[in-house]
Amino acid sequence: MTQRLLLLVALLVLGHVPTGRSEFKRCWNGQGACRTYCTKYETYMHLCPDATLCCLPYGLKPVKTEKV
């Protein structure tokens, strides 16, 4: 009986744990990071699905090409 109770409590606790590494969310094909604020060495590209900023280092910022 105590083992079943322990199993039930463990399943309830695991059900409330967020999936994945929530503090290391990635964006822009894995090159950027979803954060509340970008650092001074990063630029903001777009919003992540959880409404945080997708921050890219300046060296990875895509270059805009002109269409003719």
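Note that the structure is a prediction, hence the values are computed from the model and not measured.
Checked against side chain to side chain contact (heavy atoms under 4.5 Å, CB included), T39 has the following partners two or more places apart in sequence or in another chain: R35, Y41, E42.
When all heavy atoms of A33 and R26 are compared, the closest pair comes out as CB-NH1, 3.9 Å.
Disulfide check for C48/C54 fails, with the SG atoms at least 2.5 Å apart.
Two residues are said to be in side-chain contact when any heavy atoms from C-beta on lie closer than 4.5 Å; L53 and T36 fail this criterion. At least one side-chain heavy atom of K25 sits less than 4.5 Å from a side-chain heavy atom of D50.
Atom CD in Q31 sits 14.0 Å away from atom SG in C55 (nearest 0.5 Å).
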